[in-house]
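Right, one structure below, let's go through it.
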Amino acid sequence: MLGRVEHTAYVEQVLAVVEAIPPGRVMSYGDIAEYVGEGGPRQVGRVMSEFGGGVPWWRVIRTDGSPPPSHEGEGLQRLRAEGAPLRPGGQRIDMRAARWEGPVAPR
DNA sequence: GCAATGACTGGTA
DNA sequence: TTACCAGCCATTG
């Protein structure tokens with residue numbers, strides 16, 4: 001099975017971080033890219049579009065607090081159900097409070 | 001090898 | 001606040 005475009009080291013790292021995001025918290029594509037220390041936000045987004053079906057992709061949003069344009073309402077509804085801090089209006093996430101630094105709790 | 005595309009980001013208008 | 005532009009990085013044609 002070499003040659004298959006399956007789970008590579010990079011993909012596994014990205015998925016691992018996404019799965020590690022606790023309920024009510026979110027991470028931006030750039031944050032994940034920086035956390036794994038490779039590629040960029042676009043690569044993370046590409047991985048999500050291909051393998052995001054097996055992880056809580058709705059916890060991965062843009063820096064402006066908006067979920068992926070392809071699943072805007074879907075992800076927003078999921079986050080709201082988990083108790084994520086929504087901004088007044090309930091159309092975006094309060095990144096300032098919902099942003100998660102990683103497996104280590106910042107404080 | 002070059003050009004186009006994309007689940008992005010930051011800055012300026 | 002929203003809208004548009006340029007930059008970044010890997011994959012695809």
Task: Exam field: side chain A:Arg25 to backbone A:Ala84, donor-acceptor pair closer than 3.5 Å - done: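 Not a single qualifying donor-acceptor pair exists.
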Task: Under 3.5 Å donor-acceptor, A:Arg78 side chain and A:Trp58 backbone - done: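 Answer holds: no.
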Task: Side-chain-base donor-acceptor pair under 3.5 Å for A:Arg42 and B:dC8 - done: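 Counting by modelled atom types and ignoring angles, a donor-acceptor contact under 3.5 Å is found here.
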TODO: Could you tell me whether the side chain of A:Arg99 reaches within less than 4.5 Å of the side chain of A:Ile93, counting heavy atoms only?
DONE: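 Side-chain contact under 4.5 Å: no.
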Task: A:Val60 side chain near A:Val55 side chain, heavy-atom distance below 4.5 Å - done: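 A side-chain contact is absent here, since even the closest heavy-atom pair is not under 4.5 Å.
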Find the distance [X]:[atom1] to [N]:[atom2] and express it as a whole number of Å.
X: A:Arg59; N: B:dA7; atom1: CZ; atom2: P; value: 22 Å
X: A:Gln43; N: B:dA7; atom1: CD; atom2: P; value: 12 Å
X: A:Glu50; N: B:dA7; atom1: CD; atom2: P; value: 10 Å
X: A:Ile32; N: B:dT9; atom1: CD1; atom2: C1'; value: 14 Å
X: A:Arg62; N: B:dC8; atom1: CZ; atom2: P; value: 6 Å
X: A:Met95; N: B:dC8; atom1: CE; atom2: P; value: 13 Å
X: A:Asp64; N: C:dC4; atom1: CG; atom2: P; value: 15 Å
X: A:Glu38; N: C:dT11; atom1: CD; atom2: P; value: 11 Å

OP1 or OP2 of [N] versus the side-chain N and O atoms of [X]: is any pair under 4.0 Å?
X: A:Thr63; N: B:dG10; value: yes
X: A:Arg46; N: B:dA7; value: no
X: A:Arg87; N: C:dT1; value: yes

